[in-house]
Amino acid sequence: MIFRNLEWRDMGITINGRALTHLRFADDIVLFAKTPADLSKMINDLASESAKAGLKLNPEKTKIMTNGNKDPVIVKRTKSPTWKNIYTSVN
């Protein structure tokens with residue numbers, strides 16, 4: 001139910017004319033975004049909606065990879081003080 005409540009219509013990437021915002025496998029999730037701002041919004045939305053269901057994202061296991069510039073991805077502080085700005089680039 002968490003993903004059904006997210007408003008990500010204009011986010012993600014387009015593959016063969018179809019929007020792709022995320023992939024799920026077991027307890028892992030991959031988010032796709034065109035910009036760091038979109039990714040920040042998606043992570044914050046997902047964390048907020050997950051919290052409503054009693055779940056929380058683990059900042060220790062959260063990784064961000066890009067195929068471009070090394071730009072900041074801002075994550076709102078939640079109850080966990082370990083969230084921080086994440087900078088990662090894969091070229």
Side-chain angles (χ1 to χ4, degrees):
M1 281 303 243
I2 293 170
F3 282 91
R4 291 185 185 144
N5 296 330
L6 298 171
E7 294 292 330
W8 291 351
R9 295 192 205 302
D10 296 326
M11 303 209 171
I13 60 174
T14 304
I15 297 180
N16 292 331
R18 298 203 51 174
L20 179 64
T21 58
H22 68 281
L23 294 175
R24 293 180 277 178
F25 181 77
D27 64 347
D28 294 323
I29 301 167
V30 178
L31 300 178
F32 297 99
K34 292 178 187 170
T35 67
D38 284 353
L39 185 56
S40 293
K41 180 181 179 348
M42 292 171 78
I43 291 171
N44 290 318
D45 289 353
L46 181 59
S48 176
E49 203 59 39
S50 295
K52 293 177 187 176
L55 302 171
K56 62 181 179 177
L57 300 181
N58 184 342
E60 301 301 318
K61 294 183 178 179
T62 300
K63 308 289 184 247
I64 296 177
M65 294 186 296
T66 70
N67 63 352
N69 296 332
K70 188 175 178 180
D71 294 320
V73 173
I74 309 301
V75 179
K76 288 182 190 172
R77 239 181 228 283
T78 61
K79 292 178 184 174
S80 172
T82 56
W83 280 108
K84 58 187 177 297
N85 295 350
I86 303 168
Y87 300 83
T88 305
S89 180
V90 176
N91 290 327

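Side chains included, hydrogens not; waters and symmetry mates left out as well; all remaining heavy atoms used.
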Inter-residue atom distance L39.CG - L31.CG, 0.5 Å rounding:
6.5 Å
Under the criterion side chain to side chain contact (heavy atoms under 4.5 Å, CB included), I'd like the reasoning laid out for I15 against F32: C-alpha separation, chi angles, the key distance, then a yes or no.
CA-CA 11 Å; I15 297 180; F32 297 99; over 6 Å; no
Nearest heavy-atom approach of I2 to A53 is CD1-CB, 4.1 Å
Is there side-chain contact between T21 and L6, with heavy atoms separated by less than 4.5 Å?
no
Determine whether L20 and F3 fall in the same hydrophobic cluster, where Ile, Leu, Val, Met, Phe, Trp and Tyr are linked whenever their side-chain heavy atoms lie under 4.5 Å apart.
no
Which value, rounded to the nearest 0.5 Å, describes the distance between H22 atom NE2 and I29 atom CD1?
7.5 Å
Can you see which heavy atom on K34 is nearest to which on I13, and at what distance?
CE-CA, 4.3 Å
Taking only residues two or more places apart in sequence or in another chain, which ones pass salt bridge (charged side-chain N to carboxylate O under 4.0 Å, His left out) with R24?
none
Look at the side chain of S48 and the backbone N and O of N44, then say whether any donor-acceptor pair between them is shorter than 3.5 Å.
no
The criterion is salt bridge (charged side-chain N to carboxylate O under 4.0 Å, His left out); which residues satisfy it with K52, sequence neighbours excluded?
E49
Residues in salt bridge (charged side-chain N to carboxylate O under 4.0 Å, His left out) contact with D45, at least two apart in sequence or another chain:
K41
Which residue pairs pass the salt bridge (charged side-chain N to carboxylate O under 4.0 Å, His left out) test with at least one member in residues 2-13, sequence neighbours excluded?
E7-R9
Linked, directly or transitively: L55 and L46 (ILVMFWY side chains, under 4.5 Å):
yes
